[in-house]
Amino acid sequence: MKKNVLLVLVALLAIVVAGCGGDTSSNKEKKAEVSKSKIAEMSIENGEYVIPFSEDGEGGSDTYIAFDVKVKNTGKEQMYVTTDSFSLFEKGEDGKISPDTSYRTGIEDFEGGKLSSGKSLTGTVLFNIDSDKEYTLSYAPSSISEDSKNDVEVAVDLSKYEKTKKNLDEPKKALDAYIDVVLLNKENPDYDKYISTDSEVAKEAVKKAFTKNFKDYLVYNYKPTDEELTTFFKNFQEIEAKRATYETKVIGNVGKKAMVEVTMKGLSNEEISDIFSEYKEEYLDQSDEYDSEKAEQYALTKYTEVLEKADLGEPRNELKVVLTKKDDKWDVNLKSNMDGSNEYLLRAFIGGVE
């Protein structure tokens, strides 16, 4: 009997020890992203693979990773934190990898500044890495304290951020859906999945731009009714959807902001105007009087034929569209970037090509 009791106690003890061992392993895993010294504590709050870019359209590659890093001053003396305070070290190599500061669009980096005792500062550091390697993130405190000579290091677990690679191409899907639904009046199930922009409001803006363009460059004497303008707009979008071609490519994606390059061929206002003029001349040649208004009216009855005959053109400007993420979906504002290339997208799909 005593022997049986002893065996049970040994078994229970083994279970308890195994359970404690499991907890210890878990704690070590959690602490792997946090490290501290006598004067500073550093933690990697988040990380994601990104395609960095600049507002002028220069893009990087998807071999970059952005770390959201938090630094806390745990010493008594004031310290300074800048992006240059951080570096990566590849396992088995002595050389350090400095943060990339050439691409700043959408990156909230450490602007630098004083960090008083007990205070924390969070920012993003960007590194060009090989995702198959192993790295350690190092922070070099800048303080008058003797302890500032010792760097704070955190082992980086890149496997935690592997799934973020799948998000890199998301802006392409979003802009494809926007072009289809808003600019070509086609169906695309990805619109509600990826786009936050109100499609009806966006379509109305496109119609307004088309109407202005139509009045300014095609008809000068005849004043079409609102109903006629709506019909011409539908005609244009229907044939543009049938004849136009486009391709998109992500050249930048930093999580909350992205840039997508568009190449396309579409209906050209210049080509449309030339053929439209031919129909006006045809009317005038057959008429006993020179009536420009009636000539335009006649040419407008051939509008669909004009659109079918017109040669396609390409955009005058590069189309590099900036998207911003709101509530986990992408917003396309046709006037959101400094150089106006978002608006070029609208112009291109209402005839602004050559």
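Start at 1 with the first residue, then count along the sequence.
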* Taking atom types as modelled, find out whether Asn188 and Tyr194 have a side-chain donor-acceptor pair closer than 3.5 angstrom. => no

* Asked: So, are Glu162 and Lys165 salt-bridged, with charged N and O less than 4.0 Å apart?
  -> yes

* Carboxylate-amine/guanidinium contact Asp176 Lys172, below 4.0 Å -> yes

* Asked: For Glu282, does the CD atom have more than 12 heavy-atom neighbours from other residues, nucleotides or ligands under 6.0 Å away?
  -> yes

* **Flag, side chain of Asn253 to backbone of Asn167, donor-acceptor distance under 3.5 Å** => yes

* Asked: Is a side-chain donor-acceptor pair under 3.5 Å present for Tyr64 with Asp100?
  -> yes

* Heavy-atom side-chain proximity of Thr263 to Leu319 below 4.5 angstrom -> no

* Hey, are the side chains of Pro315 and Met264 touching, using non-hydrogen atoms and a 4.5 Å cut-off? -> yes

* Val250 and Ile51, any side-chain heavy atoms less than 4.5 Å apart -> yes

* **Identified ring pair (Phe, Tyr, Trp, His ring centres under 6.0 Å) partner of Phe232 from the options Phe210, Phe214, Phe276** => Phe214

* Asked: Would a distance-only check, ignoring hydrogens and angles, find a side-chain to backbone donor-acceptor pair under 3.5 Å from Tyr290 to Ser287?
  -> no

* Asked: Does Ile129 reach the side chain of Tyr135, with side-chain heavy atoms less than 4.5 Å apart?
  -> yes

* Does the side chain of Gln237 come within less than 4.5 Å of Leu184's, by heavy atoms? -> no

* Is the side chain of Ser116 donor-acceptor paired with the backbone N or O of Gln78 at a distance under 3.5 Å, no angle test? -> no

* Between Asn73 and Gly118, is there a donor-acceptor pair closer than 3.5 Å when you use the side chain of the first and the backbone of the second? -> no

* **Arg243 side chain to Ala310 backbone, donor-acceptor under 3.5 Å** => yes

* Are Lys249 and Glu318 within salt-bridge range, i.e. N to O under 4.0 Å? -> no

* Flag side-chain contact, heavy atom, 4.5 Å: Leu229 against Thr231 -> no

* Hey, could you give me each pair passing side-chain hydrogen bond (donor to acceptor under 3.5 Å, both in side chains) that has a residue in residues 197-209? Not counting sequence neighbours. => Thr197-Asp331, Lys207-Thr230

* Asked: Do Val306 and Ile239 sit in the same hydrophobic cluster, where Ile, Leu, Val, Met, Phe, Trp and Tyr count as joined when their side-chain heavy atoms come under 4.5 Å apart?
  -> yes

* Under a 4.0 Å N-O cut-off, is there an ion pair linking Lys70 with Glu41? -> no

* **Residue of the set Lys256, Lys325, Lys329 for which salt bridge (Lys or Arg N to Asp or Glu O under 4.0 Å) holds with Glu170** => Lys325

* Asked: Looking only at atom types and distance, does a side-chain atom of Glu296 sit under 3.5 Å from a main-chain N or O of Tyr222, one as donor and one as acceptor?
  -> yes

* Have Lys257 and Thr324 got a donor and an acceptor in their side chains that come within less than 3.5 Å? -> no

* Structure fact -> Residues pairing under salt bridge (Lys or Arg N to Asp or Glu O under 4.0 Å) where one sits in residues 219-230, two or more places apart or in two chains, turn out to be none

* Compare all side-chain heavy atoms of Asp68 with those of Ile44 and state whether any distance is below 4.5 angstrom. => no

* Asked: Between the main-chain N or O of Val152 and the side-chain N or O of Ser37, is there a donor-acceptor pair closer than 3.5 Å?
  -> no

* Going by atom types only, do Tyr139 and Glu153 share a side-chain donor-acceptor pair under 3.5 Å? -> no

* **Lys/Arg-Asp/Glu bridge criterion (N-O < 4.0 Å) met for Lys294, Glu289** => yes

* N/O donor-acceptor pair under 3.5 Å between Ser292 side chain and Asn221 backbone -> no

* **4.5 Å side-chain heavy-atom contact, Phe236 and Tyr303** => yes

* Asked: Which pairs pass salt bridge (Lys or Arg N to Asp or Glu O under 4.0 Å) with one or both residues in residues 84-99, sequence neighbours excluded?
  -> Glu90-Lys133, Lys91-Glu134

